[in-house]
S.K.: 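Below is one structure. I have some questions about it.
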Amino acid sequence: MTITEHAELVRRFAEDFTALQEAVLARMNGICTVETAAALEHASLAGPIAIALAHADVLARGDVRRAELSGLLAERLRRLREHARKVRRARSRADAVCKEQRARRTAGLSRPVETLELRVVRVAYPEAYARALRGELRDRGVPEGTPRVPESDLAQWAWDRQAAGGEPPAPVRELLDHSDDAFVEALLRDAREEENPHLPHDAVVGRWSRHARSALAWGRYAIARAERDVLARPLSARRARLDALDDAYQDTAVLAARAREARLRAADLRDRMRASAAAGPVAELVAQCRAAALVRFASAEPESWHGVRELVAGHRADCAERAGGCPHCHRALAAALTDGSFAGPGEDGEGGGPAATAPTDGDRYALLDDLPDTAVVAVADAAVGDESALCGHGWAAEDGTTGYGDSMASSSGEAEVIGICAAALGLLQRHEEVPVVVLCDSVEAVEVTNTALERADPAAAHRTLLFPEGRHLMDRLLRHRDRVQVRWLKGHVGHDLNETADALAGLSLRRATGRVSPLAARKEEARILRSLGCGDRPFSAAA
């Protein structure tokens, strides 16, 4: 094969998505030509191959799911599952190639290590340092409202200033002016109707990458709705509904491919920004502004600055990496300042270091010592699947009551919040005028729920609760906020209620997806309750 022919094949694959995907799958199955295999090794195709396999992965899982729901013969189903596994492995390898390429490309782009004092201040006192940086930028004539300054990164502002050769096109400005919900709607139209050529614009690509996951979640939501519709009908009446499920998978495959493209383009933009900020006038500007902001911080916060200097000086005396500027030490030193574990040099001249005490298993139960005797305590858990947005949740209480159900969730965090809400609402219905405490092993879910309860505002949880089902449950829970507490519990350490909630959540997910028969589900439910020792007590299915 000549160099010209090779280049022509690479160009064709770069421009023709269908041809590229067919070639990639043929290579995966060992049936592609030598010429095709050689062309697919070209570095410029690493990203497009990852995108094509993201698309193929969703389609392969859709083929398996439709086969399961249509009662296809076991041998045919086995082949589809094996194909889906091969596609998933190929996708993982393609993603790894992209990471390796990026690592090689950015190997020489690391910025010079800033002073240790500056790095410690930025981590330990972010708000005070931001005020100092704001003042410095203001004195340098940066106008109010300049995008992403200084709350984000000065390098981003420098890049924006450098790249500001003129106003972006009107369609780009329109995308930038969209609310978050409207932007996600634009991403859904991009995948389902017509590709939007303005999403890759430097001014938009970062936002595209951030919201692509939400758009993909709505694709999985459509799959879940179609899947429920199929499961509600007998095998003989599923054909038309399976066609609707196929449509949902087709749309979601495009969303997955576009989400992968968004991440690759955003990574490329960040790499170009790093290259710009690593040398030349931008690097000089960034260094000057940050150093000047540190001087302002020292003047405004003399006691904090004294603590930083004292801690850093003591650290440098013994650090093995001091010759390189202690590049990895600033976070531990900042933690020592903010958690109060640094008390300055002792009599022997050595400064105190970061101190952290890991809680023992027994410490978990101390979380409940401050509760009144009347409080009712339950543990909630959730389970999510790969194919759709369907999720299962379960809970078990100390009074022996349990519950489980299914819903829609865009992430494991959303599923866990749904589990918390379902448990709390179930207990509130059974117990009047007593506190209800729900424990959960998801830090994200606990923090999100507590924030909404403290603010009495369901919108505080909307970044996690994307779908209407979870938002509705949170609205209901907030009506009882004065009686509800949510706390964290370390999971999977043998806690009976936690293990029961986990088992019920898994059972609920299998029931919702039709992967367990009603008879088998009842038997498993009885086994779970016997293991908790409440087999003779009433069982309730949670809302």
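The analysis underlying the following values was restricted to heavy atoms, covering all of them including side chains, and did not include hydrogens, waters or symmetry mates.
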S.K.: Indicate yes or no: does E8 engage R11 in a salt bridge with an N to O separation below 4.0 Å.
M.R.: yes
S.K.: Please report whether the ring centroid of F13 lies less than 6.0 Å from that of H42.
M.R.: no
S.K.: Should D406 and R228 count as an ion pair when the cut-off is N to O under 4.0 Å?
M.R.: yes
S.K.: Restricting to ring-ring contact (aromatic ring centres under 6.0 Å, His included), what partner residues turn up for H83, sequence neighbours left out?
M.R.: none
S.K.: The criterion is salt bridge (Lys or Arg N to Asp or Glu O under 4.0 Å); which residues satisfy it with R131, sequence neighbours excluded?
M.R.: E301
S.K.: Once you round to the nearest 0.5 Å, how far does CG of D502 lie from CG of L507?
M.R.: 11.0 Å
S.K.: Under 6.0 Å between ring centres, would you say that holds for F183 and W208?
M.R.: no
S.K.: Can you list every salt bridge (Lys or Arg N to Asp or Glu O under 4.0 Å) pair that touches residues 451-474, not counting sequence neighbours?
M.R.: none
S.K.: Would R78 and E82 pass as an ion pair if we require N to O under 4.0 Å?
M.R.: no
S.K.: Should the pair E127-R134 be classified as a salt bridge under the 4.0 Å nitrogen-to-oxygen rule?
M.R.: no
S.K.: Are Q21 and H55 linked by a side-chain donor-acceptor pair shorter than 3.5 Å?
M.R.: yes
S.K.: As an exercise, state the distance from CG of L477 to CD1 of I420, rounded to the nearest 0.5 Å.
M.R.: 9.0 Å
S.K.: Between R258 and D190, is a salt bridge (charged side-chain N to carboxylate O under 4.0 Å, His left out) present by the stated rule, with each step listed?
M.R.: CA-CA 9 Å; R258 292 293 270 169; D190 166 81; 2.8 Å; yes
